[in-house]
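Please read the structure below before turning to the comments.
Letters A, B, ... are given to chains in the order of the sequence lines, protein chains preceding strands, and every chain is numbered from 1.
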Amino acid sequence: MVRTRFAPSPTGFLHIGGLRTALFSYLFARHNGGIFILRIEDTDRTRYIEEAMTDIMESLKWVGIEWDEGPDIGGPYAPYKQSERKDIYLQHAEELIKRGNAYKCFCSQERLEKLREEQRKRGEKIGYDRHCRNLSEEDIKRYESENKPYVIRLKAPLSGETNFNDLIRGKITVSNETLDDIVLIKSDGFPTYHLANIVDDHLMRITHVIRGEEWISSTPKHVILYQSFGWEPPFFAHVPVILAPGGGKLSKRHGATTVKEFREKGYLSEAVLNFIALLGWSYDDKTEIFSMEDLIKYFTIEKINKASAVFSYDKLDWYNGVYIRKKSPEELLELGKPFIIKADLLTEDEIEANRDYLLKIIPLIQERIKLLSEIPEKIWFFFDRHFEIREKKELVPKGLDISQALDLLKKARKGLEKIETFTKDNIEEFIRGLMEETGFKTKQIFMPLRVAVTGTRVSPGLFETMEVLGKKRVLDRISKAIYYLEDRKSLE
RNA sequence: GUCUCCUUCGUCUAGUGGUUAGGACACCGGGUUUUCAACCCGGCAACAGGGGUUCGACUCCCCUAGGAGAUGCCA
């Protein structure tokens, strides 16, 4: 039985890179009918952020990643929060000391810093000098009786080499001389990532460790840890990182970085999911659109790329447009609601009261937006409370003068008024006729009407827009434009 | 500095010794058209460099360069 886990530390909101690592881990488990576990690695209380755990869970759920065991739902190997498992790690570290594979180190942090500084200065390999590795029994006893603070370190082999087989990169070998005696238990009694992670992965029967490539250089030490316990290590797969456009880490400077931010900017979860799945993984040479179901069906580790991928906001935007166009008006309205409210366009109650109207508006803008957050700016003019002719000058397009525009608007008002059933087909029939009658070019006739009715020169199709607005609004707005032009008689 | 990993169009990628090196995004051009989109058609554009191995290398090996990560009582 395949068992994978996502093991974030709650030091901030879930990053898009973390989401992808979680996704790959999740997909692998699901593809193989296995179990996916969420484990919170909160062993660094100095960086702990209260809201982080909630955010991580909400972000995962948002894209449809669901765990079978986790801190909120428990499971056969609970608890799934490392701060609640402190004793387990301590016991294991002591076990290692007994086996002669770990030792107490009484070196102060000051000494270690000084040591590193000197090593750097002399251009030597930087790392712990194993000062306490062979302390005599008496020294240890003495320090202990003095209550001197200590950490527990792993005794790494001094010679030979350690290797492991990475499912993505193949065999990775390091010379043991380059290894350090890593800290297992900190002086505050909390375990480090290395210990807690290995102990939990073993205890929780994790079969495949799928994590970011920043862990590659730690893995040999982890392998030694497994060996020291006499445990069989799991399979490892280190997935490439996501880079910012131009290289380097993805940061706020480039745009959204946390899942929460993407959500708030108006990205759809399907788009984010589809996009990140294809960042470092591919199915074939042509398929671009994948649902979660598709991903589960097709996902294999072999198709994960070795090289890191650069994040492309352009492509994400394209995906978002694709998924927005797939939505029904009802769904899109539901998704757009928070954005409409946030932009102060309508209140929650107003949205409900205008539900049918909005459902007719949505299809008109659906293929014109890439982000949900663009909805308010595309539909504002449908609401009288906000309506104004924003681009008044455009009432009189190039090639027409004011009196011609006025004449046109008046004729249009008159004709539109006569239309009994105000449908786009009937409107079109009339306006086409008006074109013939006046002899004006299409642009010259559409633009004054478009500006009068929608307030700006960019809008959805005129006939559909008019139909949705309804006869009364259309006529009122045309009248408004006429009064404006008559009043001015000139447009400076 | 040392160690490890990585390297196909601007970007995401397909490719597993013999291909006109394919697709997608972006970009450019055209079509449709009522503005903006959407849509359709077309175009631009890549095997980091140098050595090998081989009848033949994008594919295998080595070196160099570039990039990334690690080098923490952070994960």
Classify the nucleic acid contact of [X] as base, sugar-phosphate or nothing, counting any heavy atom under 4.0 Å across all strands shown.
{"X": "Ile216(A)", "value": "sugar-phosphate"}
{"X": "Pro460(A)", "value": "base"}
{"X": "Ser459(A)", "value": "base"}
{"X": "Arg120(A)", "value": "nothing"}
{"X": "Tyr319(A)", "value": "nothing"}
{"X": "Thr456(A)", "value": "nothing"}
{"X": "Glu41(A)", "value": "sugar-phosphate"}

Any side-chain N or O of [X] below 4.0 angstrom from OP1/OP2 of [N]?
{"X": "Lys186(A)", "N": "rC74(B)", "value": "yes"}
{"X": "Arg325(A)", "N": "rC39(B)", "value": "yes"}
{"X": "Arg116(A)", "N": "rG72(B)", "value": "yes"}

For [X] and [N], give me the distance from atom [atom1] to atom [atom2], rounded to whole Å.
{"X": "Glu391(A)", "N": "rC36(B)", "atom1": "CD", "atom2": "P", "answer": "12 Å"}
{"X": "Glu394(A)", "N": "rU35(B)", "atom1": "CD", "atom2": "P", "answer": "14 Å"}
{"X": "Arg368(A)", "N": "rA37(B)", "atom1": "CZ", "atom2": "C1'", "answer": "5 Å"}
{"X": "Asp317(A)", "N": "rA37(B)", "atom1": "CG", "atom2": "C1'", "answer": "14 Å"}
{"X": "Lys171(A)", "N": "rU4(B)", "atom1": "NZ", "atom2": "C1'", "answer": "15 Å"}
{"X": "Phe381(A)", "N": "rC36(B)", "atom1": "CZ", "atom2": "P", "answer": "15 Å"}
{"X": "Leu90(A)", "N": "rC73(B)", "atom1": "CG", "atom2": "C1'", "answer": "14 Å"}
{"X": "Glu161(A)", "N": "rU4(B)", "atom1": "CD", "atom2": "C1'", "answer": "13 Å"}

Looking at [N], which nucleotide sits across from it as a Watson-Crick or G-U wobble partner, both distances under 3.5 angstrom, or is there none?
{"N": "rA57(B)", "answer": "none"}
{"N": "rA75(B)", "answer": "none"}
{"N": "rC5(B)", "answer": "rG67(B)"}
{"N": "rU20(B)", "answer": "none"}
{"N": "rC39(B)", "answer": "rG31(B)"}
{"N": "rA26(B)", "answer": "none"}

Checklist entry - About how many Å separate OG1 of Thr465(A) and NZ of Lys424(A), when rounded to the nearest 0.5 Å? => result 11.5 Å

Item to check | Ile97(A) CD1 to Lys104(A) NZ distance, which is reported to the nearest 0.5 Å | outcome: 5.5 Å

Between [N] and [M], how far apart are the two [atom1] atoms, rounded to whole Å?
{"N": "rA14(B)", "M": "rU32(B)", "atom1": "C1'", "value": "32 Å"}
{"N": "rU2(B)", "M": "rU19(B)", "atom1": "P", "value": "41 Å"}
{"N": "rG22(B)", "M": "rC9(B)", "atom1": "C1'", "value": "12 Å"}
{"N": "rG50(B)", "M": "rG31(B)", "atom1": "P", "value": "43 Å"}

Checklist entry - Could you walk me through whether Lys441(A) and Met435(A) pass the side-chain contact (heavy atoms from CB on, under 4.5 Å) check? => result CA-CA 7 Å; Lys441(A) 289 179 188 156; Met435(A) 274 167 64; over 6 Å; no

Candidates [options] - which lies nearest the side chain of [X]:
{"X": "Thr442(A)", "options": "rU4(B), rU34(B), rA75(B)", "answer": "rU34(B)"}
{"X": "Met447(A)", "options": "rA75(B), rU35(B), rU4(B)", "answer": "rU35(B)"}
{"X": "His194(A)", "options": "rU34(B), rA75(B), rA68(B)", "answer": "rA75(B)"}
{"X": "Ser217(A)", "options": "rA70(B), rA38(B), rC5(B)", "answer": "rA70(B)"}
{"X": "Val458(A)", "options": "rU35(B), rU34(B), rC74(B)", "answer": "rU35(B)"}

Item to check | Test side-chain contact (heavy atoms from CB on, under 4.5 Å) applied to Ile389(A) and Glu394(A), step by step | outcome: CA-CA 9 Å; Ile389(A) 300 175; Glu394(A) 303 295 333; over 6 Å; no

Which class fits the ring pair [X] and [Y]: parallel under 30°, tilted 30 to 60°, perpendicular over 60°?
{"X": "His194(A)", "Y": "Trp215(A)", "result": "perpendicular"}
{"X": "Tyr103(A)", "Y": "Tyr128(A)", "result": "parallel"}
{"X": "Phe164(A)", "Y": "Phe236(A)", "result": "perpendicular"}

Next on the checklist: Regarding rC73(B), can its base be found pairing with the side chain of Ser187(A) as donor and acceptor, where the two atoms are less than 3.5 Å apart?
Outcome noted: yes

Next on the checklist: One character per nucleotide, please: for nucleotides 6-13 of chain B, 5' to 3', B when the base has a protein heavy atom closer than 4.0 Å, S when only the sugar-phosphate does, - otherwise.
Outcome noted: SS---SBS

Next on the checklist: Salt bridge or not between Lys370(A) and Asp317(A)? Use side-chain N to carboxylate O under 4.0 Å.
Outcome noted: no

Checklist entry - So, Phe446(A) and rU34(B): ring centres less than 5.5 Å apart, planes less than 30° off, yes or no? => result yes

Checklist entry - Testing Tyr267(A), Trp318(A), Phe311(A) for ring-ring contact (aromatic ring centres under 6.0 Å, His included) with Phe275(A), which one passes? => result Phe311(A)

Checklist entry - With respect to His238(A), which candidate in Arg211(A), Glu214(A), Lys306(A), Glu213(A) satisfies the side chain to side chain donor-acceptor pair (under 3.5 Å) definition? => result Arg211(A)

